[in-house]
Each structure stands twice: as C-alpha cells, then as structure tokens.
Student: 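Here you go, one structure.
Values below: every heavy atom of this structure, side chains too, minus hydrogens, waters and symmetry copies. Chain letters run A, B, ... following the sequence lines, proteins first and then strands; every chain starts at 1.
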Protein chains: 2
Amino acid sequence: MYSLSEENYLKAIFHLQEESKDAVSTNAIAERMDTKASSVTDMVKKLSEKSLVVYIKYQGVHLTEEGRLVAVKVIRKHRLWEVFLVDKLNFSWDQVHDIAEQLEHIQSEKLIDKLDTFLGQPKFDPHGDPIPDKQGNFSQTHNKVLSDLRVTNIGICVGVKESEEEFLQYLSRHDIGIGSQITVLNKEEYDGSMLVEIAGKELFISVEIANNIYIN
Amino acid sequence: MYSLSEENYLKAIFHLQEESKDAVSTNAIAERMDTKASSVTDMVKKLSEKSLVVYIKYQGVHLTEEGRLVAVKVIRKHRLWEVFLVDKLNFSWDQVHDIAEQLEHIQSEKLIDKLDTFLGQPKFDPHGDPIPDKQGNFSQTHNKVLSDLRVTNIGICVGVKESEEEFLQYLSRHDIGIGSQITVLNKEEYDGSMLVEIAGKELFISVEIANNIYIN
DNA sequence: TCAAATTTTTAGACAAGCCTAAAAAATAAT
DNA sequence: ATTATTTTTTAGGCTTGTCTAAAAATTTGA
Ligand SMILES: [Mn+2]
Ligand SMILES: [Mn+2]
Ligand SMILES: [Mn+2]
Ligand SMILES: [Mn+2]
C-alpha cells in the first residue's frame with residue numbers, strides 16, 4: 001500500500017502532532033527522522049498529493065483522517081511486535097525497539113489479527129505505551145509523570161516516555177519497570193530533582209528522568 | 001548488511017543452482033524473479049563486485065561461499081517464520097509463503113536464534129522443506145517423488161516441491177499433507193498419471209502433480 | 001521598521017533498482 | 001560456412017528517496 005518511507009514519515013508526524021497540538025514544522029520532522037529539511041519538503045509534497053497530510057507552504061503539515069489511520073496502524077503493529085518479542089521470545093524491554101522498527105512494516109492484515117489473538121489482545125506494550133485497536137482508537141493515554149509527585153507521594157510506574165536503549169537499561173539497573181512502586185522521599189524544588197525509594201533502595205533522580213516516567 | 005533486492009537475487013540463484021548444477025543463466029534468473037534480463041545483468045555485476053557471485057559475461061553466474069551463506073541464511077529465516085505462522089499463529093500452509101517473503105528480510109541474528117528456540121528448533125518447514133542450521137548446513141534433502149512409485153507401492157508424503165497457493169490448496173482439498181499415506185492403485189505408463197488412495201479415498205493424479213510431491 | 005537570523009523551499013545531482021530499445025555475442029539451422 | 005534465431009549486454013531513461021547549495025519566505029530584534 002504505502003512505502004516504508006511514507007509510513008515512517010506519517011508515524012513521525014503523528015508523534016510530533018501528539019506533542020505539539022498545532023501544525024508540525026519541516027524542521028521538527030527532519031530532526032526526528034534524522035534527515036534533511038529539503039528531503040522532508042519533498043516527501044511532504046508527495047504525502048499531500050496522496051491526501052495523507054494537509055500541507056501549506058511555510059506553515060507545516062498535519063495528518064488527514066486517512067494519514068492518521070495509516071500512522072496508527074503502523075504504531076499498532078510496532079507495539080504488538082514488541083509484546084511478542086518480550087513475552088514470547090524473552091527479549092528484554094531495551095532490546096526490542098529496533099527490531100520492531102523493521103517488523104512494523106510487514107504488510108498483512110491477517111498476520112496482525114492473528115498475532116493480536118496469539119498475544120491475548122494486549123492493551124499495552126512493554127514500555128507501557130497503549131496499543132490502539134484495529135479501528136485506531138487508543139484506550140487511554142498516560143498523563144501524570146513522576147516529576148508531578150510531591151514529597152511522601154507514592155506512584156506506580158505505568159510507562160516510559162522515551163524508549164532509548166540506554167534510558168531503559170538505566171531504569172532496569174535501578175529496578176524500575178512497569179509496575180514498580182516509587183515513593184518520593186525528598187524533592188529539590190529548585191531543579192526538580194528528587195530522592196525516591198524503589199524496591200527498598202534509595203535513588204537520586206534528575207528531573208529529566210523523572211519527566212520520562214509515567215505513573216498512576 | 002545486504003539490500004532486500006540483493007538477498008532476493010542470491011536466493012533465486014541458490015535455488016536455480018540446486019536444480020541445474022552448472023552456471024545459472026541471466027534468463028533463468030529473470031524468469032524466476034519476474035524481471036527483465038537487463039535488470040539481472042545490472043544486479044549480477046553488483047553482486048560480482050561484492051564477491052557474492054562469480055560472473056563471466058555471457059556465461060552466467062554461480063554463488064561464492066559468502067554468497068551461498070547469505071542465501072542460506074535468508075532461506076533459514078523464511079522457513080523458520082513459516083513454522084511460526086503455521087504452528088503458533090494457526091495459518092494454513094497455503095497462506096504463509098507471501099508473508100514469509102517479507103519476514104525473511106528482517107535483520108537480527110538474535111531474533112532468529114530466539115525464534116528458533118521458541119519453535120523448538122524445527123528441522124522442516126510446513127511444506128516439508130529442510131531448515132538449514134546457523135552454519136548453513138542442511139540436514140537432508142528429499143529426492144524421491146510420488147511419480148517414482150510403481151503400482152501397489154506405498155509412500156508417505158514428506159514434502160512438496162512447489163509452494164504455490166493454488167497447488168497447496170488442491171492438495172489440502174484432497175486430504176494430502178505432510179505425513180499422508182499414499183498408495184498407488186494404478187499407473188498409466190504412457191503419461192505417468194496415476195490412481196492413488198489417500199485416507200480411504202481414491203484420486204486420479206496427473207504426472208505434473210505427482211512430480212511435485214516428495215515421498216519416503 | 002527594516003536589517004539580520006532562521007526556516008523553508010527550490011534547483012540540481014546522485015545511488016539503487018527497474019525499464020525499453022538497440023547492439024553484440026553465442027547458438028542453431030540451413 | 002553463412003544466415004537466422006536466441007541470449008545477453010549496453011545505452012539511455014525513469015522513479016523513489018536522499019543530499020548539498022542557493023534562493024525565497026518568515027520570524028526575530030535593534
Ligand atoms: Mn518501540
Ligand atoms: Mn514501545
Ligand atoms: Mn515459502
Ligand atoms: Mn516453505
């Protein structure tokens with residue numbers, strides 16, 4: 001249906017749209033996709049031609065309904081494959097993203113349906129990210145992060161914002177994973193850093209990290 | 001490492017080499033890959049440049065050790081994925097080839113190792129084709145076909161030569177699958193067609209079909 | 001407000017992988 | 001031994017997706 005490159009652009013635009021609300025800029029896409037702005041302009045014109053995005057020169061793009069659906073289907077595949085890799089093949093959560101980046105482009109409706117069934121229709125991937133259903137609806141989306149907590153508050157880790165291998169490994173090293181209970185022992189209001197307790201151990205966490213841990 | 005297209009050419013050359021023994025011709029590759037001879041010449045030059053094939057103008061190609069290894073690794077991945085699709089996702093044997101054609105290009109040593117373990121290190125794919133090990137060695141290869149049998153002989157189906165969807169569906173419709181017992185009731189020596197008995201039912205089979213069923 | 005800095009687009013080029021049409025080599029037929 | 005046919009290669013072109021360098025538009029800010 002759509003090329004690997006087109007799918008990757010749509011996915012990037014979807015994620016950028018989630019973060020910013022208003023039109024996505026050429027430079028933002030270029031940075032996210034690790035490519036040049038001129039390449040983005042070219043592709044965005046093609047996507048616009050195919051009615052997958054609305055593009056106004058010098059004003060950025062946003063997805064059409066069709067474009068959003070394509071993006072969400074790719075995200076659904078990515079996250080289902082990540083569940084497969086962790087639950088069935090025993091990969092750790094920091095090893096699956098790059099493989100899923102490849103698997104997300106396999107074209108077969110039936111394959112995804114059957115994979116979904118095989119995995120027990122999971123609602124979240126190994127990083128706590130919600131898996132949209134076939135129609136493209138997300139059950140719910142995380143909003144509270146660790147840095148929102150105040151001293152003495154307790155939170156349960158339900159997801160992570162970033163999926164960089166190094167970040168996930170850092171978390172694993174300190175026994176932080178989906179389901180971990182985190183207690184705020186102390187908080188430095190000046191820079192937002194905090195001292196927390198996880199699995200009986202104390203850990204000092206910077207605000208950059210606390211911003212990337214979703215909690216309930 | 002190597003592009004999707006390169007991998008497909010190497011795989012095609014490997015299969016043609018198996019059939020013919022001597023150098024593989026440009027036209028043979030073109031026909032198998034459903035492309036033009038001029039495209040094959042282009043690619044074959046590239047593969048030769050990369051020491052994956054030995055190419056002499058007007059005299060065809062054959063794989064180098066490295067080229068063979070790349071081809072066999074792709075075949076290993078193809079067949080392991082087919083086992084996954086049939087054994088784990090409940091696909092029927094006639095539905096898996098096209099999906100495996102995509103999955104065979106996913107790049108990750110670790111993924112294949114873990115998939116192999118997850119599947120219980122199968123030695124044959126759903127069509128009875130042998131799965132090479134990590135080093136590229138095939139356990140054994142089928143040689144006897146149904147058409148070799150004589151009247152009153154009994155054979156067990158251990159594989160099929162073709163994996164076309166229509167052919168596999170024809171076999172399934174007549175209860176022929178891996179493990180089926182086939183008895184030759186009658187054979188027309190003129191055209192090689194035969195009357196056989198499978199699962200208590202009689203069936204008339206042309207020599208083209210009998211040539212594509214491996215038996216032991 | 002108008003010049004400077006930044007962002008975005010355009011112009012032109014390139015590699016990969018394919019194509020058609022024509023030329024060259026090899027093979028088959030007379 | 002030529003001629004005819006088939007196979008293979010070459011030449012040139014096209015599409016996709018990328019790039020660099022330069023031009024144009026927008027935004028910043030003095
Ligand atoms: Mn991921
Ligand atoms: Mn994920
Ligand atoms: Mn197959
Ligand atoms: Mn097979």
Side-chain angles (χ1 to χ4, degrees), chain A residues 1-14 16-17 19-63 67 70-71 74 101-102 104-107, chain B residues 1-13 16-17 19-63 67 70-71 74 101-102 104-105 107:
Chain A
M1 201 67 208
Y2 297 107
S3 77
L4 188 141
S5 211
E6 287 170 335
E7 287 190 343
N8 282 336
Y9 272 93
L10 292 173
K11 193 168 55 119
I13 295 166
F14 177 88
L16 290 167
Q17 218 167 249
E19 291 165 17
S20 67
K21 287 291 176 197
D22 41 58
V24 177
S25 76
T26 301
N27 264 4
I29 299 170
E31 185 167 354
R32 177 154 191 130
M33 302 208 42
D34 200 32
T35 186
K36 301 294 167 179
S38 55
S39 306
V40 174
T41 302
D42 285 351
M43 178 56 87
V44 143
K45 282 179 185 168
K46 274 181 244 169
L47 295 175
S48 172
E49 201 57 47
K50 295 184 181 183
S51 298
L52 294 165
V53 302
V54 175
Y55 166 57
I56 305 167
K57 263 191 193 176
Y58 294 102
Q59 283 177 230
V61 294
H62 64 90
L63 297 173
V70 174
V74 174
E101 284 291 308
Q102 298 180 62
E104 72 187 6
H105 301 290
I106 302 291
Q107 304 283 7
Chain B
M1 201 69 209
Y2 298 107
S3 77
L4 187 141
S5 211
E6 286 170 336
E7 288 190 342
N8 282 336
Y9 272 93
L10 293 172
K11 193 168 53 121
I13 295 167
L16 290 166
Q17 218 166 250
E19 292 165 16
S20 67
K21 288 291 176 197
D22 42 59
V24 177
S25 76
T26 301
N27 263 4
I29 299 170
E31 187 167 352
R32 178 152 190 132
M33 302 210 40
D34 200 32
T35 185
K36 301 295 168 180
S38 55
S39 306
V40 173
T41 303
D42 285 350
M43 179 56 87
V44 143
K45 282 179 184 168
K46 272 180 248 171
L47 295 176
S48 173
E49 201 58 47
K50 296 184 181 183
S51 298
L52 294 165
V53 301
V54 176
Y55 166 58
I56 305 167
K57 264 190 193 176
Y58 294 102
Q59 282 176 229
V61 293
H62 64 89
L63 297 174
V70 174
V74 174
E101 284 291 308
Q102 297 180 63
E104 71 188 7
H105 301 291
Q107 306 283 8

Student: Rounding to an integer number of Å, can you tell me how far A/Lys57 NZ sits from D/dA24 P?
Tutor: 12 Å

Student: If I compare all heavy atoms of A/Gln17 with all of A/Leu63, which pair ends up nearest, and what's the gap?
Tutor: OE1-N, 2.8 Å

Student: Rounding to a whole Å, what distance do you find between B/Asp34:CG and C/dC19:P?
Tutor: 8 Å

Student: Please check if the number of heavy atoms outside A/Glu31 that lie under 6.0 Å from its CD is greater than 12.
Tutor: no

Student: Under 4.0 Å between any heavy atoms, over every strand shown, what does A/Thr41 touch: base, sugar-phosphate, or nothing? Just pick one.
Tutor: base

Student: Select base, sugar-phosphate, or nothing to describe what B/Ser39 touches, counting heavy atoms under 4.0 Å on all strands.
Tutor: base

Student: What's the CD-C1' distance between B/Glu6 and C/dC18, to the nearest Å?
Tutor: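 In whole Å, C/dC18 C1' lies 14 Å from B/Glu6 CD.
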
Student: Tell me whether the OP1 or OP2 atom of C/dT8 has a side-chain N or O from A/Asn27 closer than 4.0 Å.
Tutor: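 True: A/Asn27 side-chain N/O within range (under 4.0 Å) of C/dT8 OP1/OP2.
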
Student: Considering all heavy atoms of both residues, which atom of B/Lys45 and which atom of B/Tyr55 are nearest to each other, and what is their separation?
Tutor: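 It is CG-CE2, 3.9 Å.
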
Student: Which nucleotide wins on minimum distance to the side chain of A/Thr26, given the candidates D/dT10, C/dT8, D/dT18?
Tutor: C/dT8

Student: Please state how far atom CG in B/Leu4 lies from atom C1' in C/dG17, giving the value in whole angstrom units.
Tutor: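 The answer, rounded to whole Å, is 11 Å.
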
Student: Taking OH from B/Tyr58 and P from D/dT9, how many angstroms apart are they, rounded to a whole number?
Tutor: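 Nearest whole value for this atom pair: 6 Å.
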
Student: Any N or O donor-acceptor pair under 3.5 Å from the base of C/dT20 to the side chain of B/Ser38?
Tutor: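 Flag set: donor-acceptor pair detected.
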
Student: Taking the minimum atom-to-atom distance to the side chain of A/Ala37, which one of C/dC18, D/dT18, C/dT9 wins?
Tutor: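 Nearest listed nucleotide: C/dT9.
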
Student: If only side-chain N and O atoms of A/Ser3 are considered, is one of them under 4.0 Å from the OP1 or OP2 phosphate oxygen of D/dG17?
Tutor: yes

Student: Specify the closest pair of heavy atoms between A/Thr26 and A/Ala37, including all atoms of both residues, with the distance to one decimal.
Tutor: CG2-O, 3.5 Å

Student: Please report the distance, rounded to the nearest Å, between OH in B/Tyr55 and C1' in D/dT9.
Tutor: 7 Å

Student: Rounding to an integer number of Å, can you tell me how far A/Asp42 CG sits from C/dC14 C1'?
Tutor: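 My rounded result for the distance is 13 Å.
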
Student: Start at the 5' end of DNA chain D and walk down; is the nucleotide closest to A/Gln59 or to A/Ser5 reached first?
Tutor: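 Closest to the 5' end, via its nearest nucleotide, is A/Ser5.
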
Student: Closer than 4.0 Å, any side-chain N/O of B/Lys46 to the OP1 or OP2 of C/dG17?
Tutor: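 Answer is yes, contact under 4.0 Å.
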
Student: To the nearest 0.5 Å, what is the distance between CZ on A/Phe14 and CD on A/Glu19?
Tutor: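 The CD atom of A/Glu19 is 11.0 Å from CZ of A/Phe14, to the nearest 0.5 Å.
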
Student: Give the rounded distance in Å between these two atoms: CD1 of A/Ile29 and P of D/dT18.
Tutor: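 For the pair A/Ile29 CD1 and D/dT18 P, the rounded distance is 12 Å.
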
Student: Rounded to the nearest 0.5 Å, what separation is found between the CD atom of B/Gln102 and the NE2 atom of A/His105?
Tutor: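 Nearest 0.5 Å value for the CD-NE2 distance: 11.5 Å.
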
Student: Among C/dG17, C/dT20, D/dC19, which nucleotide sits nearest the side chain of A/Lys36?
Tutor: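 From the listed options, D/dC19 comes nearest.
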
Student: Between A/Ala23 and A/Gln59, what is the shortest heavy-atom contact and its length?
Tutor: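 Heavy-atom minimum between the residues: CB-O, 3.4 Å.
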
Student: From the list D/dT7, D/dT10, C/dC18, which nucleotide is the closest neighbour of the side chain of B/Lys45?
Tutor: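 From the listed options, D/dT10 comes nearest.
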
Student: Based on Watson-Crick and G-U pairs with both distances under 3.5 Å, what dot-bracket line describes DNA chain C 5' to 3', crossing pairs as [ ] and inter-strand pairs as |?
Tutor: ||||||||||||||||||||||||||||||

